Amino acid sequence: APNPSVGFIVDDIDLSGVGGISTVFDLERVEVLRGPQATRFGASALAGLVYIQSADPTRETDVNAEVLLGNEDSYGAGVAVGGGLGERFSGRFSIHHFQGNGFYDNVYLGRDDTNERDETVARGKLLWDIGNGWESKLSFLYADFDNGYDAWSPENGRTTFSDNPGRDEQQTTGASLKFSGSLLGNQFVSITGVAETDVFFSYDGEWGNADYWAPIGYDYTWSDDRERSSFTQEFRLVSAPGREIFGGKSAWVIGVYGASLDESDFIISQGVYDDDFWCTPCRDFSTLDSDYDSSNYAVFGRLDSDLSDRLALNLGLRLERWEADYEDAFIDHAWGGGAVIENEFNPSEDLWGGDISLNYSLADGSHAYALVSKGYKAGGFNPSVARALGPSAELGPEAIAYDPEKLLNYEAGLKGLWLDGSLSADVSVFWMDRQDMQLRSSAQFTDNPNDFVFITSNAEGHSYGLEAA
């Protein structure tokens with residue numbers, strides 16, 4: 001999905017929607033921010049955000065290495081090296097590779113590697129101490145996943161029968177540049193991120209082969225070639241110690257944000273069904289070419305205020321403008337005479353989110369809190385629906401687009417440490433109201449197995465519960 005509910009950022013590179021390429025080698029920390037994170041991250045964090053930080057460069061020379069060996073031809077190796085590069089520079093580079101056969105056996109082809117894993121990830125960082133409290137950090141990421149995909153079986157097991165096993169390939173190149181330093185007596189931060197991703201995904205549509213389905217002739221394949229390009233830019237100004245407002249009680253943050261996303265998909269669906277009676281044979285061959293472009297512009301701010309020695313008030317607000325352009329072209333080469341069916345949408349929306357919370361510190365060191373937060377998620381499109389439209393179709397072109405979603409979250413809880421830190425507790429209750437909830441459901445339009453698709457539509461909903469740990 002171009003607009004996932006949970007944001008995913010690696011070293012300030014926004015990989016939301018394509019984050020499956022992140023590996024855990026040479027990571028420094030993983031931050032999981034639950035619930036709406038609209039104030040800081042906006043439209044890509046309706047349900048929270050995962051932020052991954054790989055190890056930063058240090059002045060001291062550091063080497064980290066690992067070797068993995070396992071069954072089913074699984075092995076891996078990685079090495080990371082970092083240290084000083086002169087008086088003001090330090091750097092770090094890591095590379096990791098994993099190989100495995102994927103734990104499936106294709107009895108028709110006599111192979112055990114049709115669901116293979118062949119994954120390489122390289123990371124690098126260069127830290128520059130500019131001077132006068134300023135520093136710059138350049139990060140880059142390269143990921144090459146050359147995996148097979150043969151995980152579906154008519155018998156619902158780890159033995160497959162496909163004659164056209166698929167692929168699950170992704171190549172991602174990304175970089176970020178972060179500047180930080182003192183400006184007007186406060187802390188200034190600039191973060192620039194870019195990413196380019198190519199994804200190729202294919203599968204055997206009917207999961208079998210000629211012998212398996214005999215005497216019926218049944219053979220389908222499906223593939224999607226996806227290209228994605230993203231750019232993000234953020235500027236923040238953060239109050240430095242001693243620069244708080246309202247009598248020195250309120251720390252503050254203000255910022256602006258911009259992002260652009262360009263994603264294209266080219267889908268090929270083809271196959272044949274021949275039962276020597278109703279179809280002799282029935283052939284299918286269609287292509288769907290779609291393109292999605294979006295732009296996001298936002299301003300945001302935050303106040304964290306101490307109302308007393310124990311009571312704190314936190315306020316956050318984000319205003320965001322979302323604009324998108326979508327177009328597709330569907331051709332039914334087998335039955336449509338080569339005619340091109342086109343759709344085009346140009347939605348835009350003004351969105352806002354934020355949070356307000358009260359935190360009270362108890363005498364035993366624990367604290368209670370109450371939180372109200374509002375999140376949002378940009379709208380999107382169902383490219384797969386376009387191939388099911390026609391004179392007798394159950395759905396019309398209006399089913400391709402769906403509206404932005406808004407989430408209002410109420411939460412209260414208690415957190416603390418007791419018995420000299422040997423006992424910790426985190427208890428919370430929550431209630432969420434979702435407006436124009438983006439609900440995903442499956443549909444099968446024809447007897448063609450490739451017409452099994454997932455469709456997102458808008459609905460209303462709510463959720464509530466209790467969490468305790």
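This structure is a prediction, so every number in the text was calculated from the model and none was measured.
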Within-4.5 Å side-chain heavy-atom neighbours: D14 and L261: no
Lys/Arg N to Asp/Glu carboxylate O, E72 vs R117, below 4.0 Å: no
Check ion pair D11-K137 (N to O, under 4.0 angstrom): no
Y220 and Y218 aromatic centres sub-6.0 Å: yes
R434 and E405 ion-paired at < 4.0 Å: yes
Flag, side chain of N115 to backbone of D150, donor-acceptor distance under 3.5 Å: yes
Minimum heavy-atom distance S294-W322, with the two atoms named: CB-NE1, 3.9 Å
Sidechain-backbone polar pair: Q270 side chain, R283 backbone, donor-acceptor under 3.5 Å: no
Check: D163 main-chain N/O paired with D204 side-chain donor or acceptor under 3.5 Å: yes
Stepwise side chain to side chain donor-acceptor pair (under 3.5 Å) check, S295 with E323: CA-CA 5 Å; S295 300; E323 300 174 352; 5.3 Å; no
Any side-chain donor near an acceptor of the partner, D56 and Q53, under 3.5 Å: yes
Partners meeting side chain to side chain donor-acceptor pair (under 3.5 Å) with D274 (sequence neighbours left out): none
Y212 ring center within less than 6.0 Å of Y108 ring center: no
Closest non-hydrogen atom pair between K178 and V189, with its separation: CE-CG1, 3.9 Å
Between N147 and Y149, a side-chain donor and acceptor under 3.5 Å: no
SB check R92 D26 (cutoff 4.0 Å): yes
Donor-acceptor under 3.5 Å (E227 side chain, T197 main chain): no
Listed partners of D289 passing side-chain contact (heavy atoms from CB on, under 4.5 Å), at least two apart: F266
W207-F161 aromatic ring centre distance below 6.0 Å: no
Worked verdict on T287 versus H333 for side chain to side chain donor-acceptor pair (under 3.5 Å): CA-CA 8 Å; T287 57; H333 300 272; 3.0 Å; yes
Centroid-centroid under 6.0 Å between Y326 and Y292 rings: no
E398 side-chain N/O to Y402 backbone N/O, donor-acceptor pair under 3.5 Å: no
Any donor-acceptor pair under 3.5 Å from N382 side chain to T456 backbone: yes
Modelled atom types, side-chain donor and acceptor of T172 and Q170, under 3.5 Å: yes
Basic-acidic side-chain contact under 4.0 Å: E169, R226: no
Minimum-distance pair of heavy atoms, taken over all atoms of R318 and T39: NH1-O, 3.2 Å
Heavy-atom donor-acceptor pair, N450 side chain to G205 backbone, under 3.5 Å: no
R321 NZ/CZ over Y297 ring centroid, <6.0 Å and within 45° of normal: no
D355 and its side-chain hydrogen bond (donor to acceptor under 3.5 Å, both in side chains) partner, picked from R302, Q37, K374: R302
With R123 via salt bridge (charged side-chain N to carboxylate O under 4.0 Å, His left out) - residues at least two apart: none
Side-chain ion pair, D146 and R167, N-O less than 4.0 Å: yes
Whether S74 side chain and N71 backbone form a donor-acceptor pair below 3.5 Å: yes
Flag side-chain contact, heavy atom, 4.5 Å: T221 against S202: no
Over all atoms of both residues, closest heavy-atom pair of R228 and S16: NH2-O, 2.7 Å
Charged N-O contact under 4.0 Å between D113 and R111: yes
